[in-house]
Protein chains: 2
Amino acid sequence: MVRKAKRGFMRRGKILNTPAIRRMPTYLHKLLKMRLEGKVSVSSTELAEYMNIELIVVRKDIALTGISGQRRVGYDINELIRYIKNYLGWQDTISATLIGAGSLGSALLGYDDFNHYGFGIESVFDADPSKIGKEIRGREVFDIATLESRLKNSPPEVAVICVSSAAAQQVADKLVAIGIKYIWNFANVALQVPPGVVVQREVIAGGLAMLGVRMKLDREHDTGVAFD
Amino acid sequence: MVRKAKRGFMRRGKILNTPAIRRMPTYLHKLLKMRLEGKVSVSSTELAEYMNIELIVVRKDIALTGISGQRRVGYDINELIRYIKNYLGWQDTISATLIGAGSLGSALLGYDDFNHYGFGIESVFDADPSKIGKEIRGREVFDIATLESRLKNSPPEVAVICVSSAAAQQVADKLVAIGIKYIWNFANVALQVPPGVVVQREVIAGGLAMLGVRMKLDREHDTGVAFD
DNA sequence: TGCAAATAGATATTTTTTTATCTTTTTATT
DNA sequence: AATAAAAAGATAAAAAAATATCTATTTGCA
């Protein structure tokens, strides 16, 4: 029996497969490594074994990128790298600024894969006088008070927030003010931003939550249930 | 991991609602803050507005914890905190060791919320001679060569891997050898571990992938589609 | 008192994601 | 050349997650 929805659904056109998108960098990392090792093709079986996930998931994910493989052989590694990057919008370099030069910010600056992913952090800001003017991983740390004047003329596409949760909203407001539309937020707060501004939030403790639940389940009775 | 059902299907006794579990720490963080501010009850409406997600999602998530709310009022904050912690298996302290005292490891050591979440990093190991013996965030860094002798008698429940991707598998092998069953892996590799050992992997670039896809979609045609 | 509004709780439906199964192609082997 | 096996590709089904809708309860207020 069909019951008519009052206002119907906004069809999204099936564009954002979140879990699949999140798996892509892992494929990419492995593929880049395989390419360095001189390999030229890869099967979904191989990737599934590496990732410890079901073969069919890998095939579906790869299909999302639109690539064609060769039966009985697999996919051309170079081509697959290109297709994944393209699917993720990583074909050209994404310009970024980092706000917060603490240990997390420093870790991100040192994250080698960003080079391969075309993610370029071009400037670093902090409010801590003991950090301003110093270099972190080869980049000068600017006073956050100068953020507007330094960036407003050609703001980067993305801002990465690595400040304390107490300071994050204030930082976000500044970023919005200079026209930044994409924020990657590592602070432990849900930022309030105007419509049109996209916030991608990283909740570090999310993984700990998964671990906790799994430990609890194991304690209760051991099951062979897979989880991610 | 290979779960082969020739025909029909296997019923999973337990359900793991991954997205819901990952949202829990965010609720928890907000609730802890509200409690500090002296609030005693909270409605799902309030939490939904804070999180920028649908009200009904919040209600479903809260229902998972098994708490009962009061109609027209909401949930008792203290009680909800307790229920969420319990749902996540965070009611007692989880003992942990950290391998890798670089900037990411340091960031985790400084992550205040872990205290509230009952996650206790009790020891820190590194292979870098320039770090061994030094203190990081008040903790002495031990030589990873001493990992076995120091931990084998009473291994912590969880090990956090914050070493380079090149070293991660080797570290994981050591951890498995001393009987650690839960690994929280921040290195950019899929670790190979024996059955029974649980690896929770944090893929930092996953969020960047989401951002990239969103930017691409916006470029192609501006839509008002929400995403996470 | 009675009504409106806010909210939890329950149920139903839709959409998304994962998993299963079937089909085709290609390669290696006998 | 025939055959078997490995892999992609296609289709179908099931499970998981999100969303919509309905119901009951409580509170504040006219």
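Order of the sequence lines fixes the chain letters, A, B, ..., with proteins taken first and strands second; residue numbering starts at 1 for each chain.
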Practice prompt. Decide if the gap between the ring center of Trp184(B) and the ring center of Tyr182(B) is smaller than 6.0 angstrom.
Written response: no

Response to the item:
Comparing Pro19(A) with Ala63(B), nearest DNA chain C nucleotide closer to 5' gives the residue Ala63(B)

Worksheet item: Arg59(A) or Arg59(B): which one's nearest nucleotide on DNA chain C is closer to the 5' end?
Response: Arg59(B)

Nearest-angstrom distance from the residue atom [atom1] of [X] to [atom2] of [N]:
{"X": "Tyr75(B)", "N": "dT7(C)", "atom1": "OH", "atom2": "P", "result": "11 Å"}
{"X": "Ile67(A)", "N": "dA10(D)", "atom1": "CD1", "atom2": "C1'", "result": "18 Å"}
{"X": "Leu16(B)", "N": "dT18(C)", "atom1": "CG", "atom2": "C1'", "result": "14 Å"}
{"X": "Glu54(B)", "N": "dT14(C)", "atom1": "CD", "atom2": "P", "result": "17 Å"}
{"X": "Leu47(B)", "N": "dA6(C)", "atom1": "CG", "atom2": "C1'", "result": "15 Å"}
{"X": "Glu46(A)", "N": "dA6(D)", "atom1": "CD", "atom2": "P", "result": "14 Å"}
{"X": "Asp61(A)", "N": "dT19(C)", "atom1": "CG", "atom2": "C1'", "result": "13 Å"}
{"X": "Leu55(B)", "N": "dA20(D)", "atom1": "CG", "atom2": "C1'", "result": "11 Å"}

Does [N] have its OP1 or OP2 closer than 4.0 Å to a side-chain nitrogen or oxygen of [X]?
{"X": "Arg23(B)", "N": "dA18(D)", "result": "yes"}
{"X": "Asn17(A)", "N": "dT16(C)", "result": "no"}
{"X": "Ser44(A)", "N": "dA8(D)", "result": "yes"}

Response to the item:
So CG of Leu208(B) and CD1 of Ile21(A): to nearest 0.5 Å the spacing works out to 12.0 Å

Discussion item. What's the separation between atom CG in Leu147(A) and atom CD1 in Ile99(A), rounded to the nearest 0.5 Å?
Written reply: 5.0 Å

Worksheet entry | Side chain of Ile56(A) (C-beta onward), nearest among dA18(D), dT18(C), dA10(D) | dA10(D)

Fill in: Donor-acceptor pair, side chain of His29(A) and main chain of Asn188(B), under 3.5 angstrom
yes

Worksheet item: Does any N or O in the side chain of Ser95(A) come within less than 3.5 Å of the main-chain N or O of Glu157(A), such that one atom is a donor and the other an acceptor?
Response: yes

Practice prompt. Would you indicate whether Gln170(B), at its atom CD, is surrounded by more than 12 heavy atoms from other residues, nucleotides or ligands within a distance under 6.0 Å?
Written response: no

Response to the item:
Expected string for nucleotides 23-30 of chain D under the B/S/- scheme (protein heavy atoms, under 4.0 Å, primed atoms plus P, OP1, OP2 as sugar-phosphate) is -BBBB---

Practice prompt. Can you check whether any acceptor in the base of dT16(C) is under 3.5 Å from a donor in the side chain of Lys60(A), or vice versa?
Written response: no

Worksheet item: Should the pair Tyr117(A) and Trp90(A) be assigned to parallel (<30°), tilted (30 to 60°) or perpendicular (>60°) ring geometry?
Response: parallel

